[in-house]
Amino acid sequence: MYNPSDKNSIVSFAQKLLNRCLLDCIEKTAAEDLYKGKGSFGQILEKHYFGYDLNSDSEPDFPTAGLELKTAPLKTLKSKQYRSKERLVLNIINYIDVVEESFETSSFLKKNAQILLVFYLHEPEKTVLEYQVKLVGEWSFPQTDLEIIRNDWNFIVEKIRAGKAHELSEGDTFYLGASTKGANASSLRAQPFNEKRAMQRAFSFKQGYVNHVIATLAGESKPQYGKLLTALAAKTKTIEAVVLGRLQPYYGKTIAKIIAETGVALNVTAKNFTASFTNLLLGIELDKQIEEFEKAEIIVKTLRLDERNLPKESMSFPNFKYEEIIHLHWDNCDFKQILEHKFLLVFVKYNGDELYFDKAVFWNMEQLHIREAQRVWLATQALVSEGSIVKEIKGGRRYTHFPTKAFSAVAHVRPHALNADDTYPLPVPDRQTGLTAYTKHCFWLNNDFIRDEIYLKS
């Protein structure tokens, strides 16, 4: 059917899957047996289409061709374009062995230098055998990406060498992350240089990077990106170093002076001020997205400080839906996914009537604080599940049991709605009021947490 030693033969055989499902491509008797089991799309494809036994070797799946096979689900945008449904998990991180490797000799690079990607459309109403393959292609790292991935790999491994595997977070890095694999005590692994066991993790591509790969393989016409790094610059500088190096000369200058110096008019009250101001300082055209930020899914936020260096507002997150939160697990909820991103926080401050640029900080949340955010999320989930949202009504105003800033030093829950009538349905009626829908709420990072743990420590 194909030559497992010939990369072109393997890729050509894979491309026969396009616009077909596994039912069309494997033996009928095998399909009948698989309907009774729980095999994943990738496992079934490996065993019943490509015809090799499942393994967890450090070698690529097709060792003589030097090609690794990876499958991943797609979702469809309103524009009818395909995007990744999730990050792309690569290989498990062996904490004990990886500290003995260099990037050039690493099992990661050996296994993933050339990847055969098979993307299928995830449709919940269908079985795994009925998912249609929509994109097939070969991927190897462009040189600039490779240098950024090298820096990411080195950061992860240096943290393990420092005995901090239990403190790894996906927000530590840019394109290559260390994602959790498992969510209970059985997923804990021994690490070198520390007796504390660490959650099992795998090297994975961030979802933003996977979207870039999808768009490239699909031949989509891409927006005109602004770029921060060349391949040569990436050999000696990280994204973080380049960004902060360009921003620091503007520290302490008023926004008005910066705008006057650059000759670019900006509206400080406009919704796109943060993106425009960041592009302006980084030397990127205002109408362009920053390629490295898109691939790394960096979240940029501007925070205005008062005279006590306290942000005027806590940092809000997207509204959660009451009917959804009760069915979610912490590991796959939006709140946790966002907290594990890397943030670029731009702090601006008033001095009298003038607003000036104070400083910028790259930040990602430590595991200690993520666990505290989890406590807030779990308490919120329980209240919604039990129908115990409203505590009392005073003067026509409702007071809730939702976690407040007194409950946690990290995060709290409060309304994020146009008005009291801007609601989401409840899964069970509220016990106190009998309401079947409630004002939209979201999670907020406490403004004093932002000051004490991010601004003052940077």
Side-chain angles (χ1 to χ4, degrees), residues 144 148 151 171 174 208 223-230 232-234 236-317 338 341-365 444-458:
T144 304
I148 293 168
N151 287 332
F174 291 90
Q224 290 294 309
Y225 283 114
K227 297 187 72 169
L228 297 170
L229 285 165
T230 63
L232 182 61
T236 56
K237 296 180 181 178
T238 64
I239 294 173
E240 184 168 343
V242 169
V243 170
L244 296 182
R246 293 186 187 181
L247 296 182
Q248 284 168 353
Y250 295 98
Y251 290 1
K253 292 186 177 182
T254 66
I255 305 300
K257 185 174 182 180
I258 292 170
I259 291 173
E261 286 179 356
T262 58
V264 178
L266 289 182
N267 180 357
V268 296
T269 62
K271 285 186 177 180
N272 66 344
F273 169 74
T274 297
S276 297
F277 185 62
T278 305
N279 279 28
L280 177 67
L281 300 186
L282 292 176
I284 305 291
E285 293 179 42
L286 300 190
D287 60 345
K288 290 186 177 180
Q289 297 173 320
I290 301 173
E291 181 174 311
E292 291 86 352
F293 283 19
E294 290 291 303
K295 291 179 180 178
E297 296 185 301
I298 295 170
I299 298 174
V300 184
K301 284 186 175 287
T302 297
L303 298 168
R304 299 191 182 197
L305 306 175
D306 63 17
E307 64 281 356
R308 299 166 297 164
N309 293 324
L310 190 68
K312 291 196 169 185
E313 285 284 343
S314 296
M315 186 192 298
S316 66
F317 290 77
I338 297 172
H341 278 62
K342 189 177 286 289
F343 290 76
L344 175 61
L345 303 179
V346 177
F347 291 99
V348 296
K349 189 174 181 180
Y350 275 103
N351 183 4
D353 293 331
E354 287 197 294
L355 185 66
Y356 69 91
F357 178 31
D358 189 60
K359 64 178 176 180
V361 176
F362 272 104
W363 172 78
N364 61 282
M365 185 174 269
W444 300 71
L445 277 192
N446 299 346
N447 59 346
D448 48 357
F449 169 80
I450 296 170
R451 177 192 61 192
D452 298 341
E453 294 296 329
I454 306 174
Y455 178 80
L456 293 180
K457 288 186 176 181
S458 61

Measure the [atom1]-[atom2] distance between [X] and [Y] for me, rounded to the nearest 0.5 Å.
| X | Y | atom1 | atom2 | answer |
| --- | --- | --- | --- | --- |
| Ser316 | Leu445 | OG | CG | 9.5 Å |
| Phe174 | Ile239 | CZ | CD1 | 5.0 Å |
| Leu344 | Lys301 | CG | NZ | 12.0 Å |
| Arg451 | Asn309 | CZ | CG | 8.0 Å |

Verify, without hydrogens or angle tests, whether Gln289 (side chain) and Tyr225 (backbone) share a donor-acceptor contact under 3.5 angstrom. no

Any side-chain to backbone donor/acceptor pair from Asn447 onto Pro311? Under 3.5 Å, distance only.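 Yes, the answer is positive, given that a donor and an acceptor are paired below the 3.5 Å cut-off.
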
Please output the side-chain donor-acceptor pairs of residues 351-364 that fall under 3.5 Å, not counting sequence neighbours, one pair per line with the distance.
unit_1: Asp358; atom_1: OD2; unit_2: Tyr455; atom_2: OH; d: 2.6
unit_1: Lys359; atom_1: NZ; unit_2: Tyr455; atom_2: O; d: 2.8
unit_1: Lys359; atom_1: NZ; unit_2: Ser458; atom_2: O; d: 3.4
unit_1: Lys359; atom_1: NZ; unit_2: Ser458; atom_2: OG; d: 2.9
unit_1: Asn364; atom_1: ND2; unit_2: Asp172; atom_2: OD1; d: 3.0

Side chain to side chain donor-acceptor pair (under 3.5 Å) contacts in which one or both residues fall within residues 254-268, not counting sequence neighbours: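 For residues 254-268, and leaving out neighbouring residues, the side chain to side chain donor-acceptor pair (under 3.5 Å) pairs sorted by first residue read Lys253-Glu261, Asn267-Thr269.
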
Carefully, step by step, assess Ile290 and Ile298 under the rule side-chain contact (heavy atoms from CB on, under 4.5 Å). CA-CA 10 Å; Ile290 301 173; Ile298 295 170; over 6 Å; no

Between Arg304 and Tyr350, does the side-chain contact (heavy atoms from CB on, under 4.5 Å) criterion hold? Intermediate values first, please. CA-CA 8 Å; Arg304 299 191 182 197; Tyr350 275 103; 3.5 Å; yes

With sequence neighbours excluded, tell me which residues meet side-chain hydrogen bond (donor to acceptor under 3.5 Å, both in side chains) with [X].
| X | answer |
| --- | --- |
| Asp306 | Arg308 |
| Lys295 | Asp145, Glu291 |
| Lys312 | none |

Indicate the atoms forming the closest heavy-atom contact of Gly245 with Pro249, along with that distance. O-CD, 3.3 Å

Atom of Val242, atom of Lys237 and distance for their closest heavy-atom approach: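 Closest heavy-atom pair between Val242 and Lys237: CG2-CB, 3.8 Å.
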
Would you be so kind as to tabulate the donor-acceptor pairs closer than 3.5 Å made by side chains of residues 275-283, with sequence neighbours excluded?
unit_1: Ser276; atom_1: OG; unit_2: Asn272; atom_2: O; d: 3.1
unit_1: Thr278; atom_1: OG1; unit_2: Thr274; atom_2: O; d: 2.7
unit_1: Asn279; atom_1: ND2; unit_2: Glu285; atom_2: O; d: 3.0
unit_1: Asn279; atom_1: ND2; unit_2: Lys288; atom_2: O; d: 2.7

Just so I know, are the side chains of Met315 and Phe343 near enough to count as touching, which here means a heavy-atom distance under 4.5 Å? yes

Considering only heavy atoms from C-beta outward, does the side chain of Met365 approach that of Phe449 to under 4.5 Å? yes

Enclosure of Leu286 CG (heavy-atom neighbours >12, cutoff 6.0 Å): yes

Given side-chain contact (heavy atoms from CB on, under 4.5 Å), test Val243 with Glu292 step by step and report yes or no. CA-CA 11 Å; Val243 170; Glu292 291 86 352; over 6 Å; no

Tell me which one of Ile450, Leu310, Ile454 satisfies side-chain contact (heavy atoms from CB on, under 4.5 Å) with Leu303. Ile450

Could you go step by step and tell me if Val264 and Ile259 meet the side-chain contact (heavy atoms from CB on, under 4.5 Å) rule? CA-CA 6 Å; Val264 178; Ile259 291 173; 5.7 Å; no

